[in-house]
Amino acid sequence: MTTPLTLTKTVDPQGRSVIRAAGEIDLSNARAFAAAVTDTTGPLVVDLTEVHYIDSAGMSVLFTHAERTELIATSLLFPILEMSGLTTMTTVREREE
């Protein structure tokens, strides 16, 4: 069963938009994820530390906005982001546990 996607928008102390995603990002909700990302301007932090699964539809959103995005991921997602090449296009840091 798919875990619903929850998106929370905030602003960090540096004034960057932050989107915290929780659940799964897949074809069924990639449009909502893309809309949340597109709705921001300037530098963006996408916190994926509560994402348990991301498919190619979700990855496509990250690639589209890689030039202005910093990603935070867990050790579960980090290898996927690295193998996809996103780590060469944007800053990806692992959550400090």
Side-chain angles (χ1 to χ4, degrees):
M1 178 172 223
T2 301
T3 304
L5 177 64
T6 303
L7 300 169
T8 306
K9 290 183 179 181
T10 59
V11 177
D12 72 7
Q14 292 82 27
R16 300 177 297 178
S17 295
V18 177
I19 296 176
R20 287 184 175 84
E24 298 181 3
I25 304 173
D26 59 24
L27 185 59
S28 71
N29 55 34
R31 282 188 187 195
F33 181 52
V37 171
T38 303
D39 191 39
T40 64
T41 57
L44 173 65
V45 177
V46 178
D47 184 341
L48 300 171
T49 56
E50 297 297 322
V51 171
H52 308 288
Y53 174 82
I54 187 167
D55 72 5
S56 60
M59 293 293 288
S60 176
V61 174
L62 297 177
F63 273 99
T64 300
H65 298 277
E67 74 283 347
R68 67 182 188 99
T69 304
E70 176 181 331
L71 303 175
I72 305 170
T74 61
S75 57
L76 173 70
L77 288 183
F78 192 83
I80 295 165
L81 300 173
E82 187 173 41
M83 287 178 12
S84 72
L86 263 172
T87 57
T88 64
M89 299 176 68
T90 190
T91 300
V92 181
R93 58 185 168 96
E94 289 190 70
R95 175 179 68 187
E96 297 169 5
E97 299 183 45

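This structure is a prediction, so every number in the text was calculated from the model and none was measured. Below, each value reflects all heavy atoms present in this structure, side chains not excepted, and no hydrogens, waters or symmetry copies.
Other residues sharing the hydrophobic cluster of Phe63, ordered by chain and number and joined by side-chain separations under 4.5 Å: Leu5, Leu7, Ile19, Ile25, Phe33, Val37, Leu44, Val46, Leu48, Val51, Ile54, Met59, Val61, Leu62, Leu71, Leu77, Phe78, Ile80, Leu81, Leu86, Met89, Val92. The hydrophobic cluster around Met83 extends to none of the other residues, as no ILVMFWY side-chain heavy atom falls under 4.5 Å of it. With a 4.5 Å cut-off between side-chain heavy atoms of Ile, Leu, Val, Met, Phe, Trp and Tyr, the cluster of Tyr53 takes in none. Think of Leu76 as one node in a network of Ile, Leu, Val, Met, Phe, Trp and Tyr side chains linked at under 4.5 Å; it has no links at all.
Looking at residues two or more places apart in sequence or on another chain, you find a side chain to side chain donor-acceptor pair (under 3.5 Å) between Arg68 and Thr40. Ser17 pairs by the side chain to side chain donor-acceptor pair (under 3.5 Å) definition with nothing, not counting sequence neighbours. Checked against side chain to side chain donor-acceptor pair (under 3.5 Å), Asp12 has the following partners two or more places apart in sequence or in another chain: Arg16. Taking Ser60 as the reference, nothing meets the side chain to side chain donor-acceptor pair (under 3.5 Å) condition, with sequence neighbours excluded. Residues that satisfy the side chain to side chain contact (heavy atoms under 4.5 Å, CB included) test with Ser56, not counting sequence neighbours, are absent from this structure. For Glu82, there are no salt bridge (Lys or Arg N to Asp or Glu O under 4.0 Å) partners two or more places apart in sequence or in a different chain.
Counting only residues at least two apart or on different chains, the salt bridge (Lys or Arg N to Asp or Glu O under 4.0 Å) pairs with a member in residues 48-62 are Glu50-Arg95.
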Criterion side chain to side chain contact (heavy atoms under 4.5 Å, CB included) on Thr6 and Arg20, from CA distance to verdict: CA-CA 8 Å; Thr6 303; Arg20 287 184 175 84; over 6 Å; no

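Considering every non-hydrogen atom in both Gly58 and Ala30, the closest pair reads N-CB, 4.3 Å.
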